[in-house]
Engineer: 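Have a look at this one.
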Amino acid sequence: MIITDFIINDIKPISETEAIGEVQAIFSQTTYSHVPISRDGVYVGCLAENDTHCYDATCLISEYTHAYEHFFVRYETNWLDILETFAQNSTNIIPVLDENNTYIGYYELEDVMNFFNNTPFISEPGSIVIIEKGILDYSFSEISQIVESNDGKIWGMFISKIENDVAEISIKIGRANFNDILAAFRRYSYHIASSHQEDTFIKDLRERSKYLEKYLNI
């Protein structure tokens, strides 16, 4: 299955020559956060539900052009960029346009999340390892080499956070001795931000801490 299989076209853009009440009626019948608007048959933006309920139902949509939100994706847009567009615009519906800016349909957030859930990053067995290193010091090629040289299989990897010049990298790893991989990351000066039962390094630290505490109490 490909992402374009999830394009829906049961809602067409509402002409801006219609009354705001037409948009309000759609929101009352659906759970959509936005409704697409057209001008002379061409998509020009979306109106948000939170804003529209405050407008006069008898006024024309064209009187509220200042409220249009101009997000969309192309038919060729990959699913990660589609997911990013959802996040950036706080929406659960995204219009899809072709190369000629013709409206094709729309994506629903729930469908795209289901597509994501079927990717190996989510569906394949494995564990998530979160590591941290300076943004100028980490390397995806180095991370891949560390995992694969310890018989690990990477199902996915992305930058999950950047803060104070430190990058947080989340990795989905399958078929591996995690303790060997964690130890290798530490040798390469990566900080392990996630916790793992098989992490003998942490177990050793805890045991030594208990031993030291016991010694100091003698």
Engineer: Distance from W79 atom CH2 to D111 atom CG, nearest 0.5 Å?
Structural biologist: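 Going from the CH2 atom of W79 to the CG atom of D111 covers 14.5 Å.
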Engineer: Mark yes when over 12 heavy atoms from residues, nucleotides or ligands other than Y55 sit less than 6.0 Å from its OH; otherwise mark no.
Structural biologist: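 Correct, the count exceeds 12.
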Engineer: Give the cluster check for V73 versus F116: same hydrophobic cluster or not, with ILVMFWY residues linked at side-chain heavy-atom distances below 4.5 Å.
Structural biologist: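 Yes, same cluster.
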Engineer: Does any part of the side chain of I159, heavy atoms only, come nearer than 4.5 Å to the side chain of I135, both counted from C-beta?
Structural biologist: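 No - every pair of side-chain heavy atoms lies 4.5 Å or more apart.
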Engineer: Would you tell me whether E69 and H34 have side-chain atoms, one donor and one acceptor, within less than 3.5 Å of each other?
Structural biologist: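 Checked: E69/H34 side chains pair up, N/O donor to acceptor below 3.5 Å.
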Engineer: Tell me yes or no: between the side chains of D56 and T58, is some donor less than 3.5 Å from an acceptor?
Structural biologist: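 Indeed, the side chains of D56 and T58 share at least one donor-acceptor pair under 3.5 Å.
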Engineer: Given 3.5 Å as the limit, does a donor-acceptor pair link the side chain of N150 with the main chain of I146, or not?
Structural biologist: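 Yes; judged by distance alone, with no hydrogens or angles, the pair exists.
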Engineer: Verify whether one side chain among Q24 and T52 offers a donor that lies under 3.5 Å from an acceptor in the other.
Structural biologist: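 There is no such pair (donor and acceptor under 3.5 Å, judged by atom type) between the side chains of Q24 and T52.
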Engineer: Given side chains that start at C-beta, do those of P95 and C46 come closer than 4.5 Å, heavy atoms only?
Structural biologist: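 Yes, their side chains come closer than 4.5 Å.
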Engineer: For the residue pair F185 and E142, establish whether any side-chain heavy-atom pair is separated by less than 4.5 Å.
Structural biologist: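 Not in contact.
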Engineer: Where do I143 and Y190 land on the side-chain contact (heavy atoms from CB on, under 4.5 Å) test, with the steps shown first?
Structural biologist: CA-CA 9 Å; I143 293 171; Y190 288 88; 3.7 Å; yes
Engineer: Any donor-acceptor pair under 3.5 Å linking the side chain of T102 with the backbone of D98?
Structural biologist: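 Not a single qualifying donor-acceptor pair exists.
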Engineer: Between the side chains of S33 and T91, does any donor sit under 3.5 Å from an acceptor?
Structural biologist: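 Their side chains do contain a donor-acceptor pair, which is all the 3.5 Å distance test asks for.
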Engineer: For atom CG of D5, is the number of surrounding heavy atoms from other residues, nucleotides or ligands below 6.0 Å larger than 12?
Structural biologist: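 Atom CG in D5 is crowded, with more than 12 foreign heavy atoms closer than 6.0 Å.
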Engineer: Which distance, rounded to the nearest 0.5 Å, do you find between the CG of N118 and the CE of M113?
Structural biologist: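 Output value for this atom pair is 11.0 Å.
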Engineer: Do the two ring centres, one from F121 and one from F158, sit under 6.0 Å apart?
Structural biologist: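 Aromatic pair counts; centres sit under 6.0 Å.
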Engineer: With no hydrogens and no angle check, just 3.5 Å: does a side-chain donor-acceptor pair link Y106 and D10?
Structural biologist: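 Short answer, yes.
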Engineer: Using the rule that two of Ile, Leu, Val, Met, Phe, Trp, Tyr join whenever any of their side-chain heavy atoms come within less than 4.5 Å, decide whether I94 and F27 are in one cluster.
Structural biologist: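 No; F27 is not reachable from I94 via cluster members.
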Engineer: Is there a donor in the side chain of E99 and an acceptor in the side chain of Y75, or the other way round, less than 3.5 Å apart?
Structural biologist: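 Absent: no donor and acceptor within the cut-off.
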Engineer: Evaluate whether atom CD of E110 has more than 12 neighbouring non-hydrogen atoms of other residues, nucleotides or ligands under 6.0 angstrom away.
Structural biologist: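 Not buried by this count: 12 neighbours or fewer within 6.0 Å.
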Engineer: Verify the neighbour count for atom CZ of F71: are there more than 12 heavy atoms of other residues, nucleotides or ligands below 6.0 Å?
Structural biologist: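 Atom CZ in F71 is crowded, with more than 12 foreign heavy atoms closer than 6.0 Å.
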Engineer: Compute both the distance and the angle, then confirm whether K133 meets the cation-pi test with Y138: under 6.0 Å from the six-membered ring centre, within 45 degrees of the axis.
Structural biologist: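 Because its charged atom misses either the 6.0 Å distance or the 45° angle limit, K133 does not stack over Y138.
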Engineer: Would you find more than 12 non-hydrogen atoms of other residues, nucleotides or ligands less than 6.0 Å from N100 atom CG?
Structural biologist: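 Check passes, neighbour count above 12.
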Engineer: Between Y68 and E16, is any side-chain donor less than 3.5 angstrom from a side-chain acceptor?
Structural biologist: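 Judged by distance alone, the side chains do pair up.
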Engineer: In the single-linkage hydrophobic clustering (I, L, V, M, F, W, Y; side-chain heavy atoms under 4.5 Å), do I93 and L109 co-cluster?
Structural biologist: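 Shared cluster, no.
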